[in-house]
Amino acid sequence: MKPHPGRSSLVAMLALSLPLFSAVVSAQEAKPPHWTYGGEEGPSAWGKLDSAYATCSIGHTQSPIDIKGAKPADLPALNFDYKAVPLNIIDNGHTIQINYPAGSTLTVGDKTYTLKQFHFHHPSEEHINGRGFAMVAHLVHADSSGNLAVVAVLLAQGEENPLIATLWKNLPAEKGKAVDVPGVTVDMNKLLPADHGYYTFAGSLTTPPCSEGVTWYVLKHQSPVSAEEVAAFAKIYAKNARPIQPTNGRQIRETK
């Protein structure tokens, strides 16, 4: 029996299309599940949304925490070597994030980390002795092996913050799309308080997948942010802060 004239071409088409179909399915499966800061997909449910997010529920060194009972210690200084860079900003659907190109570093003792990005939470995620703050900036760094270090700059309501004012003037109109802003530069040094004393502890990412093994440096002193700047952010993200997590007896140290 002779094959149908169109059968061989149909088989060929299927053979070509199946890998593409599989790739599309894989891409769809790889897409992380949606999460939010409230409702059925809020923080209490993060660990159940996907197996990749399980650490959000079962982890033992989760962030953020209320910093209490810190032990004074002889700790190395935080040596910031941040460069002024062209502004690349994105509203990623969870926060306002500024992406940093290679070249700006944080050195702590014999460890050097590269600044990758910084972003904001409202209100502050970290608390100190039960006290929260208007906002916090998280400065995310990675070393050459991919180990993460996050510096938290707490923002107390007060005077206008010139760096934040510049960022808010250049907020993207579209979510999920990074924008290069011509002629505008950002210098992270201007967000840091003059005193770089800090608390440090082992923690995690504060958003899914809540990966642990993150070294945290929370600066003791705050930088200012105006009421108008807080209100402008709150119009976009009324609350994008994960609740305080159990300390579980972990060691918290602070500079003397």
Side-chain angles (χ1 to χ4, degrees), residues 27-28 30-39 41-43 46 49 53 63-64 80 82-104 106 113-126 133-142 148 150-192 205-211 223-242:
Q28 290 174 339
K31 185 178 180 180
H34 186 260
W35 58 270
T36 65
Y37 283 99
E41 297 172 323
W46 287 353
L49 294 177
Y53 295 174
S63 296
F80 298 99
Y82 291 160
K83 314 297 185 187
V85 299
L87 176 59
N88 179 281
I89 188 168
I90 182 172
D91 178 343
N92 65 16
H94 300 292
T95 187
I96 301 301
Q97 177 176 305
I98 290 76
N99 299 314
Y100 239 75
S104 292
L106 163 68
Y113 303 88
T114 297
L115 178 61
K116 299 295 185 179
Q117 51 99 339
F118 67 96
H119 59 269
F120 297 88
H121 296 275
H122 168 257
S124 72
E125 293 194 305
E126 293 73 32
F133 298 85
M135 294 182 68
V136 65
H138 285 168
L139 287 54
V140 182
H141 307 73
L148 297 180
V150 181
V151 174
V153 180
L154 295 161
L155 302 173
Q157 190 164 301
E159 299 176 353
E160 180 183 84
N161 189 302
L163 185 144
I164 292 176
T166 297
L167 300 180
W168 282 196
K169 288 176 184 176
N170 293 284
L171 292 172
E174 182 181 345
K175 290 185 184 292
K177 183 178 180 181
V179 177
D180 289 310
V181 183
V184 178
T185 59
V186 58
D187 183 356
M188 269 308 304
N189 294 292
K190 295 181 179 179
L191 193 64
L192 300 173
L205 300 178
T206 66
T207 59
C210 307
S211 306
S223 291
V225 62
S226 71
E228 292 76 16
E229 289 169 336
V230 174
F233 186 88
K235 285 182 180 179
I236 307 171
Y237 294 108
K239 184 177 181 180
N240 68 333
R242 187 187 192 191

Quiz item: Would you call the rings of Trp168 and Phe233 parallel, tilted or perpendicular if under 30° counts as parallel and over 60° as perpendicular?
Solution: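 It falls in the parallel class, under 30°.
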Quiz item: Going by the angle between their ring planes, with limits at 30° and 60°, are Tyr100 and Tyr82 parallel, tilted or perpendicular?
Solution: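 Rings of Tyr100 and Tyr82: tilted, as their planes differ by 30° to 60°.
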Exercise. Not counting sequence neighbours, which residues clear ring-ring contact (aromatic ring centres under 6.0 Å, His included) with His122? List them please.
Key: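 Partners of His122 under the ring-ring contact (aromatic ring centres under 6.0 Å, His included) test: none.
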Would you check if [X] and [Y] make a side-chain contact, meaning some heavy-atom pair closer than 4.5 Å?
X: Pro123; Y: Lys239; value: yes
X: His119; Y: Val140; value: yes
X: Leu171; Y: Asp91; value: no
X: Phe133; Y: Val153; value: no
X: Leu139; Y: Leu115; value: yes
X: Ile89; Y: Val184; value: no
X: Leu148; Y: Leu205; value: yes
X: Phe120; Y: Val225; value: no

Just by modelled atom types, is the [Y] backbone N or O under 3.5 Å from a matching donor or acceptor in the [X] side chain?
X: Tyr237; Y: Gly93; answer: yes
X: Asn161; Y: Pro224; answer: yes
X: Arg242; Y: Ser63; answer: yes
X: Thr206; Y: Pro64; answer: no

Practice problem: Considering non-hydrogen atoms only, spot the tightest contact between Gly103 and Thr114 and give its length. | Solution: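 Scanning both residues completely, I find the closest heavy atoms to be N-CG2, 4.4 Å.
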Quiz item: Looking only at heavy atoms, what is the nearest atom pair of Gly38 and Pro43, with distance?
Solution: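 In terms of heavy atoms, the two residues are closest at N-CD, 4.2 Å.
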[X] [atom1] to [Y] [atom2] distance, which is reported to the nearest 0.5 Å:
X: Asn170; Y: Leu87; atom1: CG; atom2: CG; result: 5.5 Å
X: Trp46; Y: Tyr53; atom1: CH2; atom2: OH; result: 10.0 Å
X: Lys83; Y: Asn189; atom1: NZ; atom2: CG; result: 9.0 Å
X: Asn240; Y: Thr36; atom1: CG; atom2: OG1; result: 11.5 Å
X: Leu106; Y: His141; atom1: CG; atom2: NE2; result: 4.5 Å
X: Leu191; Y: Leu163; atom1: CG; atom2: CG; result: 5.5 Å

Practice problem: Evaluate whether atom CD of Glu159 has more than 12 neighbouring non-hydrogen atoms of other residues, nucleotides or ligands under 6.0 angstrom away. | Solution: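 Open.
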Self-check item: Whether over 12 other heavy atoms sit under 6.0 Å from Lys190 NZ
Solution: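 For Lys190, atom NZ is not crowded (no more than 12 foreign heavy atoms under 6.0 Å).
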Quiz item: Testing Gln117, Glu126, Gln97 for side chain to side chain donor-acceptor pair (under 3.5 Å) with His138, which one passes?
Solution: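 For His138, the side chain to side chain donor-acceptor pair (under 3.5 Å) test succeeds with only one of Gln117, Glu126, Gln97, which is Glu126.
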Quiz item: What pairs with Ala227 under side chain to side chain contact (heavy atoms under 4.5 Å, CB included), at least two apart in sequence or on another chain?
Solution: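 So Ala227 forms a side chain to side chain contact (heavy atoms under 4.5 Å, CB included) with Gln157.
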